[in-house]
There are 2 protein chains.
Amino acid sequence: MQDQAPAATVSRLITYLRVIRQFEAVGLERTSSEALAEASNVSAFQIRKDLAYFGTFGTRGSGYLVSTIGLRLREILGLTDVYDIAIVGMGRLGQAITDYPAMGEYGFRIRGMFDSDPGKVGLEFAGIEVSPMDSLPTLMRQRNFDMGMIAVPSAAAQEVADTLVSAGVRALLNFAPVVLNVPEGVMVEPVDFVASLKRLSYHLRGKPVLRHAARQAT
Amino acid sequence: MQDQAPAATVSRLITYLRVIRQFEAVGLERTSSEALAEASNVSAFQIRKDLAYFGTFGTRGSGYLVSTIGLRLREILGLTDVYDIAIVGMGRLGQAITDYPAMGEYGFRIRGMFDSDPGKVGLEFAGIEVSPMDSLPTLMRQRNFDMGMIAVPSAAAQEVADTLVSAGVRALLNFAPVVLNVPEGVMVEPVDFVASLKRLSYHLRGKPVLRHAARQAT
DNA sequence: ATATGTGAATTGATTCACAGCG
DNA sequence: CGCTGTGAATCAATTCACATAT
């Protein structure tokens with residue numbers, strides 16, 4: 001099962017599912033590519049093309065059933081499975097992720113917490129004990145983590161990624177602002193809101209609401 | 001000054017600048033498209049093409065000067081300016097952003113905090129007092145926020161976006177997992193790590209390390 | 001009659017090959 | 001001679017138009 005669909009399509013499918021969930025929440029039963037397009041800010045063409053990568057969903061002339069498109073989207077995105085996750089780095093960020101509510105709504109389960117700081121080892125968050133970093137390979141054999149979240153300082157991120165990858169993890173969420181080198185078949189998703197701010201600053205460059213004094217950025 | 005370069009190019013420029021900063025940190029003076037490519041995980045072609053959108057940077061035959069490419073990247077990305085930011089929603093997420101250290105390294109300054117909850121109004125974070133939501137238009141006139149960060153629950157996000165936009169803000173960082181509708185010229189950057197997890201689950205779909213029991217996702 | 005599903009056309013981004021400059 | 005800068009070629013994604021199914 002190779003990734004035939006473009007990455008942009010997958011990102012949009014995630015949006016479509018969000019919209020469908022809103023439709024489900026208000027009890028809507030039928031919808032159309034037009035209605036989905038409206039709520040997702042894309043064209044109806046785009047939606048039909050995106051869905052077409054994965055088969056046929058609706059009935060011509062009448063549209064889509066909210067329930068079936070919802071189920072199919074969940075299946076396509078792999079959200080009908082459960083994923084066990086290891087967080088590496090239990091500093092402020094790691095701790096914040098721990099009790100983030102929205103994750104449990106899907107099958108994302110945090111099942112391991114690691115830190116190289118002996119002061120952190122043994123602490124408990126959300127009922128899970130922090131293990132020392134060097135126990136990761138051993139614990140991996142028992143718990144088979146599907147995903148790893150890298151919440152360590154930039155300087156340590158590549159080493160953590162290597163450890164996770166050699167333990168068999170093939171999906172990494174990387175909060176550190178560095179490019180990770182991983183072998184073919186391993187997927188890295190960067191999460192970096194400062195990078196997003198920089199995309200915004202590019203958008204605003206040269207036209208601030210108020211002209212500010214120039215300043216040397218570091 | 002329209003956005004001539006593709007969005008993907010801008011994202012890569014941010015990566016290049018990160019690499020250049022590492023080069024600066026170790027005192028490296030010269031580099032090449034090849035070296036940058038290596039450290040950024042892209043092709044040397046891509047780097048030269050990306051830079052070419054913005055002019056000429058290096059000297060043929062010898063490569064790039066780390067200092068000049070660093071300066072040019074900062075200029076292109078608008079990072080030599082200062083941006084005043086309003087955070088809306090001072091719940092856990094808003095508070096966490098408040099004392100995030102990496103932001104001050106660039107010219108991103110948090111200058112306003114807003115919340116509609118009277119219990120939050122008047123509290124102080126990082127030396128800034130939380131103002132009531134309805135004072136945003138007034139304060140906007142005094143402080144001219146360049147960017148808005150939306151850290152409110154999904155249900156309130158669109159309304160907050162509308163308020164910010166009509167106050168004149170043209171760059172929004174949206175932490176709520178909803179699609180925001182904004183007029184032409186306003187840029188929205190979504191930040192949603194659960195969406196990133198879903199991209200990972202798509203990557204893993206049907207091939208978990210360990211086969212898990214099926215489960216109905218919501 | 002209506003809205004999906006899809007081949008064809010178009011647009012855009014990436015890759016390449018090499019011309020141009022130091 | 002080496003490495004940048006760039007037009008041309010390839011590849012990919014989006015848009016369109018319409019045939020198709022209900």
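Order of the sequence lines sets the chain letters (A, B, ...), proteins ahead of strands, with each chain counted from 1. Quick caveat: nothing in here was measured; it's all calculated off a predicted structure.
For B:Q4 and D:dT6, the CD to P distance is 13 Å, given to the nearest whole Å. Spacing between atom CD1 of A:I47 and atom P of D:dA13 amounts to 18 Å, rounded to whole angstrom units. Here D:dA12 presents its P atom at 14 Å from CD of B:Q46, a figure rounded to the nearest Å.
The side-chain tip of B:R143 does not point at the ring of B:F145 from less than 6.0 angstrom away and within 45° of straight on. Under the 6.0 Å distance and 45° angle rule, B:R205 counts as a cation-pi partner of B:Y202.
At the heavy-atom level, B:R30 lies nowhere under 4.0 Å from the strands shown. Here B:A8 lies in heavy-atom contact (under 4.0 Å) with sugar-phosphate atoms only.
Residues A:R92 and A:I97 form no side-chain contact, since every pair of their non-hydrogen atoms from C-beta on lies 4.5 Å or further apart.
When only modelled atom types and interatomic distance are considered, B:R74 and B:T80 share no side-chain donor-acceptor pair under 3.5 Å. Under the 3.5 Å distance criterion, with hydrogens and angles disregarded, no donor-acceptor pair is assigned to the side chains of B:N144 and B:D84. A donor and an acceptor atom, one from each side chain of B:S40 and B:R12, are nowhere located under 3.5 Å apart.
Of the candidate nucleotides D:dT14, D:dT4, D:dT15, D:dT4 has the atom nearest to the side chain of B:R48.
Residues from residues 49-70 of chain A that place a heavy atom under 4.0 Å from any atom of DNA chain D, listed by number: A:K49, A:R60. For the segment residues 32-39 of chain B, residues with any heavy atom less than 4.0 angstrom from an atom of DNA chain D are, sorted by number, B:S32, B:S33.
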Practice item. Give the intermediate values and the outcome of salt bridge (charged side-chain N to carboxylate O under 4.0 Å, His left out) for residues A:E24 and A:R21. Key: CA-CA 5 Å; A:E24 288 170 348; A:R21 298 223 306 150; 5.8 Å; no
**Study point:** Chi angles and distances behind the side chain to side chain contact (heavy atoms under 4.5 Å, CB included) call for B:V182, B:L172
**Key:** CA-CA 10 Å; B:V182 294; B:L172 303 177; 4.1 Å; yes
Practice item. Applying side chain to side chain contact (heavy atoms under 4.5 Å, CB included), run through B:V82 and B:Y106 and close with a yes or a no. Key: CA-CA 8 Å; B:V82 168; B:Y106 299 89; over 6 Å; no
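Ring pair A:F193/B:F175 is perpendicular by interplanar angle, where above 60° counts as perpendicular and below 30° as parallel.
When each of B:N174, B:V179, B:I150 is paired with B:V188, the side-chain contact (heavy atoms from CB on, under 4.5 Å) condition holds for B:N174 and for no other.
Once you apply a 4.0 Å limit to the heavy atoms of chain B, the touched nucleotides of DNA chain C run 5' to 3' over C:dA13 to C:dG22.
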